[in-house]
A.B. asks: 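For reference, the structure I am asking about is given below.
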Amino acid sequence: MNQLRTWFLAPARLLTFGFFLAPLAIVVLYSFLTRGTYGGQGAPFTLENYTRLADPLYLEILVKSFWIAILSTAICLVMGFPLALFIARSGPQWRGTWINLVMLPFWTNFLVRTYAWMFLLRDTGLINTAFQGLGLISQPLPLLYNDGAVILGLVYGYLPFMVLPIFSTLERQDPFLLEAAADLGATPWQTLWRVTVPMAKPGILAGSVLVFIPCLGAYLTPDLMGGGKSIMIGNVVQQQFTSSRDWPFGAALSLVLTALVMVLLWFIMRRGGKELI
Amino acid sequence: MNHVLEVRAVSKSFGANHAVRDVSLNVERGELFALLGPSGCGKTTVLRMIAGFETPDRGDVLLDGKQIAQLKPYERNVSTVFQNYALFPHLTARQNIEFGLRHKGNAIGDLAARTQKVLELVQMLGKEERFPARLSGGEKQRIALARSLAIEPDLLLLDEPLSALDPKLRKRVRGELKDLQRRVGITFIIVTHDQEEAMAMADRVALMNKGILEQMGTPEAIYLRPKTRFVASFLGSVNWRGEYGVRPEVVRISPTAPRNGARSHRAQIHSSLFLGNCFHVEARLEDGTALTAEIPRQDQTYLPGENVHVWWHPDDEIHLPAAS
């Protein structure tokens with residue numbers, strides 16, 4: 001029995017070790033190395049990669065990244081909850097259709113979809129051309145290459161990750177509870193706030209975590225839709241590994257980001273995410 | 001006029017299904033009223049129209065003489081104890097009770113005192129801080145009852161209140177519910193498919209079948225003077241014999257023909273089962289028809305194949321035409 005267990009768990013253990021712990025160990029190791037003159041890294045061991053993080057420039061980018069991630073998550077929640085509620089309350093024959101529509105964007109590559117947004121939003125894009133053609137505006141609207149465009153891209157990309165977990169908690173809610181609330185004098189609006197939303201808390205938490213974490217580390221969306229002007233921490237990490245050729249600093253940066261996310265998650269779970277585990 | 005509730009000729013269809021057809025009934029203040037019938041007879045739909053979860057297609061619902069058929073559930077002073085209790089799982093027992101008090105019970109004053117009072121009433125003091133997941137079925141029901149009673153409704157509706165309880169508990173809760181109803185003096189309407197439950201608890205019973213109200217009256221009245229064969233058969237077994245029927249408990253068996261003006265037939269015992277409180281006897285009459293009798297165990301015992309006389313008083317016959 002015990003031996004069987006060992007064998008069944010072996011692939012999972014191998015995966016965890018080979019694809020998670022071992023690379024992480026390499027990242028940790030690199031973060032304490034010194035950058036070579038022409039790229040590469042080597043001795044001596046140093047803490048400099050971490051002390052460099054105190055530079056106000058990086059702190060500012062980190063704070064901004066948090067802001068963008070928080071804002072994007074909040075917008076996803078405000079948009080995603082009503083959508084999830086609508087899907088959960090629609091008839092069983094329609095539910096599958098709506099869910100498939102929510103998932104539909106996943107069938108296309110994220111990069112292609114981001115470029116599609118850029119074609120819509122740029123100065124000579126569909127929206128600006130149309131508005132100018134109609135004579136509504138004389139100068140193109142600055143729709144692309146700013147914080148707003150990044151947030152739009154992130155919300156667009158991660159909205160399904162908010163909708164699906166909330167939908168799954170709402171779908172399991174006993175419809176009699178809504179009748180019971182009405183029976184006890186609650187209007188539909190009061191029922192929403194005092195029954196539906198509190199009971200969907202596990203889904204709301206799960207969705208928020210699923211949206212917030214990738215938003216915080218995003219680099220493709222800020223790179224393309226922010227156009228270098230709206231830079232996030234993910235872009236800084238990426239630059240260290242590409243143009244700056246400073247792998248040790250890139251490793252230190254990504255580790256700090258990971259640590260921050262873990263502390264945040266731990267805090268959320270302790271504060272009321274018992275349902276998440 | 002002392003009717004707390006009047007239902008006047010209500011009808012309700014769901015698509016092609018005529019769930020309730022032209023049902024009228026009235027409920028008196030302070031009584032325990034039972035809506036009885038087989039599953040799918042429309043009794044639950046009637047209850048849901050009284051609660052406000054459904055709107056009748058036609059007809060009126062009057063609470064204290066005021067038209068309420070079009071009002072939302074949160075606009076009428078009626079409360080329901082749901083079959084599955086529908087306690088809010090994210091709230092404690094106390095918070096469940098306070099939920100209604102915050103919305104409907106605004107005229108009732110001190111929240112904590114009121115909650116305490118109903119907890120005491122249903123004997124759940126000490127368990128008020130528990131979440132529903134940590135309550136047994138019977139305890140959930142008490143909290144659901146307390147939650148509804150707390151808002152002091154004009155009418156308390158109970159949908160199959162005993163069906164989710166285990167059979168041993170059922171008889172006890174039956175008595176407790178009736179006792180509770182007498183103490184609080186609130187009018188109860190109970191929906192049930194169990195005729196024994198309805199007869200044991202209710203002051204008056206309305207028996208429904210296929211969306212139609214068959215008969216309304218005290219348990220004794222409808223049992224002893226059923227208006228249709230459906231009513232007679234639903235409330236107990238009947239040996240139908242052409243134009244009339246006799247209930248098994250009025251049939252008597254003796255070795256010789258009785259000389260007391262009773263209706264008597266020669267018969268042969270087919271089977272005899274001892275049920276503890278009585279014997280359940282199947283007899284075959286000379287004309288070939290079968291007859292069931294329930295005879296007290298003090299009577300002589302009979303063996304299969306034995307030739308006997310079966311008899312009953314003509315007063316005990318239920319005369320109803322077959323085509324009803």
Side-chain angles (χ1 to χ4, degrees), chain A residues 77 80-82 84-85 88-95 162 165-209 268-277, chain B residues 44 47-55 71-92 95-108 115 118 131-133 140 143-153 155-160 164:
Chain A
L77 179 58
F81 188 89
L85 189 63
R89 299 269 165 89
S90 51
Q93 71 273 29
W94 281 104
R95 250 178 247 166
M162 184 64 86
I166 297 179
F167 165 74
S168 82
T169 49
L170 289 177
E171 193 195 21
R172 276 179 278 136
Q173 271 183 20
D174 177 3
F176 281 116
L177 293 179
L178 304 179
E179 290 191 346
D183 188 81
L184 294 164
T187 61
W189 193 246
Q190 287 167 328
T191 304
L192 178 72
W193 287 112
R194 297 202 55 203
V195 179
T196 311
V197 172
M199 282 186 61
K201 209 175 92 184
I204 291 172
L205 269 172
S208 301
V209 167
I268 290 173
M269 288 197 177
R270 238 193 47 160
R271 276 296 300 271
K274 274 172 247 150
E275 304 93 336
L276 265 178
I277 310 164
Chain B
T44 300
L47 193 81
R48 290 175 62 80
M49 288 191 282
I50 298 169
F53 303 130
E54 307 287 354
T55 310
L71 294 185
K72 301 283 181 207
Y74 48 86
E75 295 167 328
R76 34 179 106 183
N77 198 24
V78 169
S79 191
T80 310
V81 175
F82 291 83
Q83 191 172 359
N84 68 355
Y85 314 133
L87 294 177
F88 303 117
H90 63 297
L91 301 178
T92 61
Q95 289 166 335
N96 263 281
I97 295 170
E98 288 173 353
F99 188 100
L101 281 173
R102 285 179 203 279
H103 294 115
K104 255 188 187 172
N106 48 6
I108 290 167
T115 307
V118 287
F131 283 95
K140 279 184 200 164
I143 294 299
L145 256 169
R147 182 173 75 171
S148 286
L149 287 172
I151 62 175
E152 296 190 340
L155 207 55
L156 186 70
L157 311 174
L158 298 101
D159 189 6
E160 298 278 1

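Since the model is a prediction, treat every value here as computed from it, not as a measurement. The sequence lines fix the lettering, A, B, ..., with proteins before strands; numbering per chain opens at 1.
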A.B. asks: Kindly give the heavy-atom pair with the smallest separation between B/Phe53 and A/Glu179, and that separation in Å.
C.D. replies: CE2-O, 3.4 Å
A.B. asks: Where is the tightest heavy-atom contact between B/Phe88 and A/Leu177, given as atom of each residue plus distance?
C.D. replies: CE2-O, 3.4 Å
A.B. asks: Report the distance from atom CG of A/Asp183 to atom CZ of B/Arg76, rounding to the nearest 0.5 Å.
C.D. replies: 10.0 Å
A.B. asks: Which bit of B/Phe82 is near chain A, if near means a heavy-atom gap under 4.5 Å: side chain, backbone, both or neither?
C.D. replies: side chain
A.B. asks: Checking B/Arg147 against chain A: side chain, backbone, both or neither under 4.5 Å from a heavy atom?
C.D. replies: both
A.B. asks: Of the backbone (N, CA, C, O) and the side chain (C-beta and beyond), which part of B/Asn84 lies under 4.5 Å from a heavy atom of chain A, both, or neither?
C.D. replies: side chain
A.B. asks: Which region of B/Val81, side chain (C-beta onward) or backbone (N, CA, C, O), has a non-hydrogen atom less than 4.5 Å from a non-hydrogen atom of chain A, or is it both or neither?
C.D. replies: neither
A.B. asks: Only distances under 3.5 Å count here; give the side-chain donor-acceptor pairs of residues 188-197 of chain A to other protein atoms, sequence neighbours excluded, each with its distance to 0.1 Å.
C.D. replies:
{"from": "A/Gln190", "atom 1": "OE1", "to": "A/Thr187", "atom 2": "N", "distance (Å)": "2.9"}
{"from": "A/Gln190", "atom 1": "OE1", "to": "A/Thr187", "atom 2": "OG1", "distance (Å)": "3.2"}
{"from": "A/Thr191", "atom 1": "OG1", "to": "A/Thr187", "atom 2": "O", "distance (Å)": "2.9"}

A.B. asks: Measuring only between side-chain heavy atoms, which start at C-beta, is A/Met199 closer than 4.5 Å to B/Pro89?
C.D. replies: yes
A.B. asks: Is B/Leu87 in contact with chain A via its backbone, its side chain, both, or neither, using a 4.5 Å heavy-atom distance?
C.D. replies: backbone
A.B. asks: Determine the minimum heavy-atom distance between A/Phe176 and B/Ala86, stating which atoms define it.
C.D. replies: O-CB, 3.9 Å
